[in-house]
Amino acid sequence: MTLETRSTQPDTDARLVAWVRQAAPYIHAFRGRTFVIAFGGEVLEAGAAQALIHDIALLDSMGIRLVLVHGARPQIDAEMHSRGLTPKFHKGLRVTDAEALECVKRAMGVTRIEIEALLSQGLPNTPMAGAFLRVTGGNFITARPVGVVDGIDFQYTGAVRKVIAEEIQADLAQENVVLITPIGASPTGEIFNLAWEEVAEAVAVAVKADKLIYLCDAPGLVTAKGALIDAVTADEAQKLAARYLSAQAPEVARVLPSAIRACRAGIGRVHFLDRQADGAMLMEFFTRDGVGTVMTSAPLAQLRDATIDDVGAILGLIEPLEADGTLVKRGRERLEMEITRFSVVEHDGVIVGCAALYPFSTDKSAELACLAVMPDFRRSGYGEQLCSHIEARAKQLKLKRLFVLTTRTAHWFIERGFVETGVDELPAARRELYNLQRRSKVLVKSL
């Protein structure tokens, strides 16, 4: 018998270890959640399908419930051209006559079969090795005709009348991947061509999805100057669409109304991602910064008073700063007793910043203490927001001065209106607790 041996221990890949640890809370949070992933037929033409399918298999292996909604616009156009027909659109929506409908049915059927084949792979030495994805579908969509709009009869172009959500959820409960083709039948048996972005919206709302993901022709929404927007509320996106819709990539602009409606209908997160970016979904879901645009009904970050449930998160946030001497060490018991003095910044469910206010009422002053922000978020302005919030709390208590003791960040506070002073300016009760060994600088700001 020959035993395999290793002469040396392999080098640790610090980046891999850090990424896995950073991703772990998201993996736990997403297990059992429902994601609706929507993409056009361009994914199959652009050569990005293989990487996308690998990532879908990985998400499925993590226990995420997946609904896939696909389109087939380029495939339909190609089928029509092969038959000598000219595609017709009005405001981005296809006008589907009887001849076009035949092309739609053929192109949709072929596209669906190709996607199912990709999802059925199990090739060795690939992310699909050992994977088995049960793919299901059905007549989940009841449709109605769009009718005549702006004097144009859309004929067999339809809109979603109803989604049979119970059947989709039953399939998801059986750990199936549900693949939905944007074709629907009316109660009278007529077949209608549907817009995949609207089908994705309707399905996400009907099944109460936790995330709706649009894979588009750009990383997400941009400002008028072309800068990528990391996070946006539905109201902000509505204003952006009214003023700068022309600045958006064509497909992003087309799906934007559906995304806004879905967000306002209760979808917690709507994501815009670049379909050409390899691993975009993994980077968006399992890193703090993400790579696309996320839309929410309310701002992604909120500043609020801390509760007893935040103690563990605050301890994790301040422990590195206590270890390097930036902050004075606080034990869990002390923090639990003083938790009402703390305020926190919560970003997408994660505590990323904190600060505390310790009033000295007899001296009409207060201490700003334990101001800490997670390194990845220090350029987001959360430190300044916390500082302003603590100032506002001190003013509500009708205090006249706010002071801070610091060994490392004096210039940061000076830039925000604090003035360096001596230990003698501290309230008597705080002066007695001053640690001469730390030699903290004392800075004061009048309120």
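Side-chain atoms are counted along with the backbone in the values below, which use heavy atoms only and exclude waters and symmetry mates.
Listed for the Thr142 side chain is no donor-acceptor partner under 3.5 Å among the backbone atoms of Arg161. Asp55 places no side-chain N or O within 3.5 Å of a backbone atom of Leu52 that could act as its donor or acceptor partner. Panel note: side chain Gln302, backbone Glu346; no donor-acceptor pair is recorded below 3.5 Å. Not a single donor-acceptor pair under 3.5 Å links the side chain of Gln155 to the backbone N or O of Thr96. Of the possible polar contacts, none joining the Arg144 side chain to the Ala185 backbone as a donor-acceptor pair under 3.5 Å is found. A donor-acceptor contact shorter than 3.5 Å is absent between the side chain of Asn176 and the backbone of Val135. Side chain of Arg378 to main chain of Val373: a donor-acceptor pair is present (N/O by atom type, distance under 3.5 Å, no hydrogens or angles). Using a distance-only test at 3.5 Å, with no hydrogens or angles considered, a donor-acceptor pair links the side chain of Asp97 to the main chain of Ala100. At distances below 3.5 Å, not a single donor-acceptor pair connects side-chain atoms of Arg393 with backbone N or O atoms of His389. Here the side chain of Arg416 pairs a donor or acceptor atom with the backbone of Trp412 at under 3.5 angstrom.
Minimum interatomic distance between Ala372 and Leu321 (heavy atoms only, all atoms of both residues): CB-CD1, 3.4 Å. Taking each heavy atom of Asp278 and Ala51 in turn, the nearest pair found is OD1-CB, 3.3 Å. Listed here is the closest heavy atom pair of Ala355 and Leu371: CB-CD1, 3.8 Å. Here the closest non-hydrogen pair linking Pro187 and Ala143 is CD-O, 4.2 Å. In terms of heavy-atom proximity, Ile351 sits nearest to Met374 at O-CE, 3.4 Å. Contact detail for Pro182 and Ala195: the closest heavy-atom pair is CB-C, 4.5 Å.
Counting heavy-atom neighbours within 6.0 Å of Arg243 CZ, excluding the residue itself, gives a total of 12 or less. Within a 6.0 Å sphere centred on NZ of Lys88, other residues, nucleotides and ligands contribute 12 heavy atoms or fewer. Counting non-hydrogen atoms of neighbouring residues, nucleotides and ligands closer than 6.0 angstrom, the CE atom of Met62 exceeds 12 such neighbours. Annotation for Glu175: atom CD does not count as buried by contact number, only 12 or fewer foreign heavy atoms lying within 6.0 Å. Heavy-atom neighbours of His411 NE2 from other residues, nucleotides or ligands within 6.0 Å: at or below the threshold of 12. For Glu333, the CD atom counts as loosely surrounded, since its 6.0 Å shell holds 12 or fewer non-hydrogen atoms of other residues, nucleotides or ligands.
Taking the six-membered ring where tryptophan is involved, the planes of Phe342 and Tyr358 are perpendicular, since the angle between them exceeds 60° and thus also 30°. Relative orientation of the Phe285 and Phe30 rings is perpendicular, given thresholds of 30° and 60° on the angle between their planes. Using a 30° and 60° split on the angle between ring planes, Phe377 and His347 fall in the tilted class, from 30° to 60°. Using bins of under 30°, 30° to 60° and over 60° for the plane-to-plane angle, the ring pair Tyr156/Phe192 lands in the tilted bin.
Going from atom SG of Cys354 over to atom CD1 of Ile314 covers 5.5 Å, rounded to the nearest 0.5 Å. The CG atom of Leu282 sits 11.0 Å away from atom CD of Glu284, with the distance rounded to the nearest 0.5 Å. How far CG of Leu172 is from CG of Leu66: 8.0 Å, rounded to the nearest 0.5 Å. To the nearest 0.5 Å, the span separating CD on Gln248 from SG on Cys216 amounts to 10.5 Å. One distance of note links CD of Glu201 with CD of Glu198; it measures 6.5 Å at 0.5 Å rounding. Note that the CD atom of Gln169 and the CZ atom of Phe140 stand 11.0 Å from one another [nearest 0.5 Å].
Defined by atom type and a distance below 3.5 Å, a donor-acceptor pair is missing between the side-chain atoms of Ser297 and Arg264. Thr157 and Asn193 form no side-chain donor-acceptor contact under 3.5 Å, judged by distance and modelled atom types alone. For Glu251 and Tyr214, the side-chain atoms include no donor-acceptor pair closer than 3.5 Å. One side chain, Thr326 or Asp324, offers a donor N or O that lies under 3.5 Å from an acceptor on the other. Residues Thr181 and Arg112 bring a donor and an acceptor atom of their side chains to less than 3.5 Å of each other.
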Side chain to side chain contact (heavy atoms under 4.5 Å, CB included) between Val177 and Leu179: does it pass, once the steps are laid out?
CA-CA 6 Å; Val177 175; Leu179 179 61; 5.7 Å; no
Salt bridge (charged side-chain N to carboxylate O under 4.0 Å, His left out), that's the test. Do Arg134 and Asp60 meet it? Break it down for me.
CA-CA 10 Å; Arg134 289 194 298 268; Asp60 177 76; over 6 Å; no
Can Asp77 and Arg94 be said to form a salt bridge (charged side-chain N to carboxylate O under 4.0 Å, His left out), step by step?
CA-CA 10 Å; Asp77 288 347; Arg94 185 185 298 276; 2.9 Å; yes
Report the C-alpha separation of Thr136 and Asp171 in whole Å, then their side-chain angles, then the decisive distance to 0.1 Å, and conclude whether the side-chain hydrogen bond (donor to acceptor under 3.5 Å, both in side chains) test is met.
CA-CA 7 Å; Thr136 63; Asp171 276 0; 2.8 Å; yes
Hey, mind stepping through Ile260 and Met295 against side chain to side chain contact (heavy atoms under 4.5 Å, CB included) and telling me if it holds?
CA-CA 8 Å; Ile260 293 172; Met295 183 189 298; 3.9 Å; yes
Side chain to side chain contact (heavy atoms under 4.5 Å, CB included) between Ile318 and Cys370, worked out:
CA-CA 8 Å; Ile318 65 178; Cys370 203; 3.7 Å; yes
Can you list the steps and then say if Leu68 with Leu119 is a side chain to side chain contact (heavy atoms under 4.5 Å, CB included)?
CA-CA 11 Å; Leu68 311 181; Leu119 289 168; 3.9 Å; yes
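Between Glu322 and Arg330 there is no salt bridge, since no side-chain nitrogen of the basic residue lies less than 4.0 Å from a carboxylate oxygen of the acidic one. Ion pair Lys239/Glu236 not flagged as a salt bridge, since none of the NZ, NE, NH1 or NH2 atoms sits closer than 4.0 Å to an Asp/Glu carboxylate oxygen. Salt-bridge annotation for Arg254 and Glu197: present, with a side-chain N of the basic residue lying under 4.0 Å from a carboxylate O of the acidic one. The existence of a salt bridge linking Lys91 and Asp150 is confirmed by a sub-4.0 Å separation between a basic side-chain nitrogen and an acidic carboxylate oxygen.
Side-chain atoms of Thr296 and Arg269, non-hydrogen and from C-beta on, do get closer than 4.5 Å to each other. With a 4.5 Å cut-off on side-chain heavy atoms, Asp230 and Thr293 do not count as touching. In this structure, Met281 and Leu59 have side chains that are in contact, with non-hydrogen atoms separated by less than 4.5 Å. Counting heavy atoms from C-beta outward, Glu79 and Gln75 have side chains that stay 4.5 Å or more apart. Side chains of Phe154 and Val148 form no contact here, defined as non-hydrogen atoms less than 4.5 Å apart. Counting only heavy atoms from C-beta outward, the side chains of Arg275 and Asp217 approach each other to under 4.5 Å. Residues Leu221 and Tyr244 form no side-chain contact, since every pair of their non-hydrogen atoms from C-beta on lies 4.5 Å or further apart. Contact check for Ile213 versus Val270: no side-chain heavy atoms found under the 4.5 Å cut-off.
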